[in-house]
Amino acid sequence: MRVIADPTELRPALADLRLRRKTIGFVPTMGALHDGHLSLVRVSREQTSAVVVSIFVNPTQFGPNEDFRIYPRTPEADLEFLEREGVDIVFMPPTELMYPRGSKITVYAGPVGETFEGAIRPGHFDGVLTIVIKLFNLVQPDVAVFGQKDAQQLFLIRRMVTDLNVPVRVMEGDTIRESDGLAKSSRNVYLKVQEREKASVLHRALATGQRLFDAGNRSLADFQRAMHAELAFVPEFTPDYATAVSEASFMENDPVADSVRLIVAGRLGPVRLIDNFRLSASR
Ligand code: PAF
């Protein structure tokens, strides 16, 4: 496994892989790797003969009052983990090489980038898409894999790839969950014991929505009411949203579509949690 920090060293390393007729899969991460990331690496491995993983805590996707400085960083454990998974290249650039002084041009995530997560975290998706296109340009992968847990991010990356004709196939990895349903996330380490016990409420709210969907209910208001009612059992949780969006547009429709994403997010004490279920009537 090669660990590369300098973007200019990536090109010859990738050229070498291509010379050996390898197809390249890419898993962008912010480190603090857990089983969710592992599943992304495995999706990539199934599709391609070489895997590149990036570890970069991207400052432009954090708001001024967010957790950029304290975001968990565990580089040694991450490298061990990736070595065990047989990853070919780990790209870990320092901030100043990704955003040299004077860089100004960014990607605008469009209207969907200003809803839900983007409404709570203004500019977040512009930052995500800007770093993702930069990483795509450096790695030029055949396939890139992102987690379903960040459903709006995944939607917008697909949108960008289509709208800007980016020559990469975007694939998704399933959300990996703890035994009580809590979605694995690098930020779960922020949860105190009492908060951790309550954090599965997001999963319960989504399961409530799924029951409605499976019973044939397509009323947007019913989904919102039922999911919020479930969330209200944990008064320490302050919801930002709990609703259903169409898979095709990431927008709310009433009646809800047959291919839908139930999405939920909010704060448990100081910790922000998000989760979603994808539901399809043809399952
Ligand atoms: O999902 C993440 O970890 C990040 O948003 C990503 C895609 C690596 C961009 O920084």
Side-chain angles (χ1 to χ4, degrees), residues 4 7 10 25-41 43-44 51-63 66-75 77-78 81-82 87 89-99 103 106-109 112-113 116-118 120-139 141 143-161 164 166 168-176 183-190 250 261 263 265 271-276:
I4 296 179
L10 256 185
F26 178 44
V27 181
T29 81
M30 299 207 299
L33 302 178
H34 51 70
D35 291 349
H37 297 106
L38 193 69
S39 88
L40 306 184
V41 171
V43 169
S44 179
V51 179
V52 179
V53 173
S54 64
I55 298 179
F56 180 66
V57 184
N58 172 37
T60 67
Q61 69 190 74
F62 289 79
E66 292 185 358
D67 55 346
F68 174 67
R69 274 177 205 294
I70 59 159
Y71 191 84
R73 288 164 173 86
T74 56
D78 292 349
F81 185 94
L82 296 173
V87 164
I89 297 179
V90 182
F91 178 48
M92 292 176 86
T95 308
E96 60 279 10
L97 291 186
M98 285 309 283
Y99 293 107
S103 33
T106 61
V107 176
Y108 165 57
V112 172
F116 304 113
E117 284 309 285
I120 311 285
R121 308 180 64 188
H124 169 67
F125 288 117
D126 298 351
V128 169
L129 296 188
T130 299
I131 194 66
V132 168
I133 196 92
K134 284 164 73 72
L135 291 167
F136 282 176
N137 285 336
L138 288 166
V139 177
V143 170
V145 191
F146 296 87
Q148 285 206 30
K149 165 154 179 292
D150 295 302
Q152 192 174 5
Q153 165 174 288
L154 179 61
F155 175 90
L156 287 167
I157 289 168
R158 288 214 155 100
R159 187 79 263 156
M160 171 175 78
V161 162
L164 302 185
V166 185
V168 61
R169 186 153 62 94
V170 174
M171 300 199 60
E172 54 193 61
D174 290 340
T175 301
I176 306 297
K184 294 219 179 193
S185 161
S186 306
R187 288 190 167 98
N188 289 353
V189 297
Y190 298 151
F250 219 89
R261 226 12 115 155
I263 56 173
V271 187
R272 191 130 195 298
L273 297 171
I274 73 170
D275 202 351
N276 70 88

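All values reported here derive from a predicted model rather than from experimental measurement. For ligands, and for the atoms within them, numbers begin at 1 and follow the listed sequence.
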Could you tell me whether a side-chain N or O of D126 sits under 3.5 Å from a main-chain N or O of T106, the two making a donor and an acceptor? no
Would you say the side chain of L38 lies within less than 4.5 Å of the side chain of L33, judging by non-hydrogen atoms? no
Atoms in ligand 1 flagged as close to I131, the criterion being non-hydrogen separation under 4.0 Å: 9 (C), 10 (O)
Summary of salt bridge (Lys or Arg N to Asp or Glu O under 4.0 Å) pairs that have at least one residue in residues 151-161, sequence neighbours excluded: R158-E172, R159-D163
Under 4.0 Å from a heavy atom of P28: give me the atoms of ligand 1 that qualify, with their elements. 8 (C)
Consider side-chain hydrogen bond (donor to acceptor under 3.5 Å, both in side chains). Of H124, R121, Q61, which one does E66 pass it with? R121
Residue portion contacting ligand 1 (non-hydrogen atoms closer than 4.0 Å) for T29: backbone
Do me a favour and list the nearest non-hydrogen protein atom to atom 3 (O) of ligand 1 with residue, atom name and distance? M30 CG, 3.6 Å
To which of H37, Q61, Q153 does the heavy atom nearest atom 7 (C) of ligand 1 belong? Q153
D67: which residues meet the salt bridge (charged side-chain N to carboxylate O under 4.0 Å, His left out) condition with it, sequence neighbours left out? R187
